[in-house]
Amino acid sequence: MTLAPELLLHGYSIGIFPMAEHRDDPEVFWVDPIRRGVFPLDRFHLSRSLARRMRRGDYQVSIDRDFAGVVDGCADRSETWINPEIRASYLALHHLGHAHSLEIWQAGQLIGGVYGVVLGAAFFGESMFSRRTDASKIALAHLVDRLRQTGFTLFDTQFLTAHLASLGAVEIPRAEYRRRLERALDGSADFSAVIEQSPQGVIQRITQTS
């Protein structure tokens, strides 16, 4: 299957997304979960330990500085659905401005991040990774804050994992997801907008709404 950008974007617009069985499998298939994971943007659970970790301020946050590095970090595990076809397809989407990454850096090293696809006011989270304790949680906290500040109304996580549930993600039926998706596609948001993103500011905004 050739995942042209137009095909990928159409898939997301109707509520489906591609996966591969593993990194060496050349076949790609479309997934349409009966129950969908979503992150309510006003319910991120910021634990005391994570807030303490963020207040140290010993990390830096960027967006779209190393999209390929984030995708590769997400694929660097024993089991992954990111095969070469999927990697190339999302890099193409990124170059077209429809896929974005948020990176966490420490001492010049990429230690965590998350990437996803943008359509209207919907952000479709694809994957995240961590090379230091809490790096992926920090990335998610900054991502949720960015989505809220830049006009997004839907944060799709595809599936609900125990890790995501502990941070506030929930599961909704397919029909409800499609209703939310339709509304979000009619909206507009700007992922790349310049915003305030200091750790203290993120903590304050999240705790005020959660």
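Just so it is clear, the values below take in all heavy atoms, side chains as well, and ignore hydrogens, waters and symmetry mates.
Closest of all the heavy-atom pairs between P40 and G168 is CD-O, 3.6 Å. The shortest heavy-atom contact between V28 and P18 is CG1-CB, 3.6 Å. Shortest non-hydrogen contact noted between I206 and A141 is CD1-O, 3.7 Å. Minimum heavy-atom separation, A193 to T150: CB-CG2, 3.8 Å. Considering all non-hydrogen atoms of both residues, Q197 and V61 come closest at NE2-O, 3.5 Å. The two residues A121 and G151 come nearest to each other via the heavy atoms CB-O, 3.7 Å.
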query: Could you walk me through whether L143 and F44 pass the side-chain contact (heavy atoms from CB on, under 4.5 Å) check?
result: CA-CA 11 Å; L143 175 61; F44 186 84; over 6 Å; no

- request: Would you please test I195 and R146 for side-chain contact (heavy atoms from CB on, under 4.5 Å) and show each step?
  value: CA-CA 8 Å; I195 62 170; R146 171 167 289 275; 3.5 Å; yes

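Going from atom CG of D134 over to atom CD1 of I104 covers 11.0 Å, rounded to the nearest 0.5 Å. From I14, atom CD1 reaches atom CZ of R178 across 7.5 Å, with rounding to the nearest 0.5 Å. Distance check: T80 OG1 to D25 CG gives 12.0 Å after rounding to the nearest 0.5 Å. To the nearest 0.5 Å, atoms CZ (R23) and CH2 (W81) are separated by 12.0 Å. The distance from atom OG of S101 to atom CG of D66, rounded to the nearest 0.5 Å, is 7.0 Å. If you take CG on L50 and OG1 on T133, they are separated by 11.5 Å, rounding to the nearest 0.5 Å.
A continuous path of Ile, Leu, Val, Met, Phe, Trp and Tyr side chains, each step under 4.5 Å between heavy atoms, connects V202 with V114, placing both in one hydrophobic cluster. Linking Ile, Leu, Val, Met, Phe, Trp and Tyr whenever their side-chain heavy atoms come within less than 4.5 Å puts V38 and F124 in one cluster. Cluster membership check: L7 does not share its hydrophobic cluster with V118, using side-chain heavy-atom separations under 4.5 Å among Ile, Leu, Val, Met, Phe, Trp and Tyr. Hydrophobic clustering, with ILVMFWY side chains joined whenever heavy atoms are under 4.5 angstrom apart, groups F29 together with L8. Hydrophobic clustering (side-chain heavy atoms under 4.5 Å, transitive across Ile, Leu, Val, Met, Phe, Trp, Tyr) keeps I16 apart from F155.
Residue-environment remark: NE2 (H10) stays at or below the threshold of 12 foreign heavy atoms within 6.0 Å. Under a cut-off of 6.0 angstrom, the local environment of CD in Q106 is crowded, with over 12 non-hydrogen atoms contributed by other residues, nucleotides or ligands.
Under the rule for a side chain to side chain contact (heavy atoms under 4.5 Å, CB included), the partners of H98 that lie at least two apart in sequence or sit in another chain are L9, L93, L96, L119. Scanning for side chain to side chain contact (heavy atoms under 4.5 Å, CB included) contacts around Q204 gives Q208, with sequence neighbours left out. The side chain to side chain contact (heavy atoms under 4.5 Å, CB included) check on Q200 picks up R55, S198, with sequence neighbours excluded. Taking the side-chain hydrogen bond (donor to acceptor under 3.5 Å, both in side chains) definition, one finds that Y115 meets it with nothing, sequence neighbours left out. Judged as a side chain to side chain contact (heavy atoms under 4.5 Å, CB included), and not counting sequence neighbours, the contacts of D72 are R87.
The list of side-chain hydrogen bond (donor to acceptor under 3.5 Å, both in side chains) pairs with a residue in residues 158-167, not counting sequence neighbours, reads E126-Q158. The ring pair (Phe, Tyr, Trp, His ring centres under 6.0 Å) contacts involving residues 125-154 comprise Y59-H142, where partners must be two or more places apart or lie in separate chains. Applying the salt bridge (charged side-chain N to carboxylate O under 4.0 Å, His left out) definition to pairs two or more places apart or across chains, none involves residues 38-51. Residue pairs meeting the salt bridge (charged side-chain N to carboxylate O under 4.0 Å, His left out) criterion with at least one partner in residues 184-198, sequence neighbours excluded, are E196-R205. A salt bridge (charged side-chain N to carboxylate O under 4.0 Å, His left out) check over residues 157-169, counting only residues at least two apart or in different chains, returns nothing. Annotation: ring pair (Phe, Tyr, Trp, His ring centres under 6.0 Å) contacts involving residues 182-210, sequence neighbours excluded, comprise H100-F191, F123-F191. Applying the salt bridge (charged side-chain N to carboxylate O under 4.0 Å, His left out) test to residues at least two apart or on different chains, none of the pairs has a partner in residues 91-113.
L160 has its side chain out of reach of R35: every pair of non-hydrogen atoms, C-beta onward, lies at least 4.5 Å apart. Using a 4.5 Å heavy-atom cutoff, the side chains of L181 and Y12 are not in contact.
Put simply, the side chain of S127 never gets that close to the backbone of C74: no donor and acceptor are under 3.5 Å apart. Not one N or O on the side chain of R180 forms a donor-acceptor pair closer than 3.5 Å with the backbone of T153. Side chain of T157 to main chain of F39: no donor-acceptor pair is present (N/O by atom type, distance under 3.5 Å, no hydrogens or angles).
Using a cut-off of 4.0 Å between Lys/Arg side-chain N and Asp/Glu carboxylate O, E182 and R179 are scored as not salt-bridged.
Across V71, I63, V70, a single residue satisfies side-chain contact (heavy atoms from CB on, under 4.5 Å) together with F67, and that is V71.
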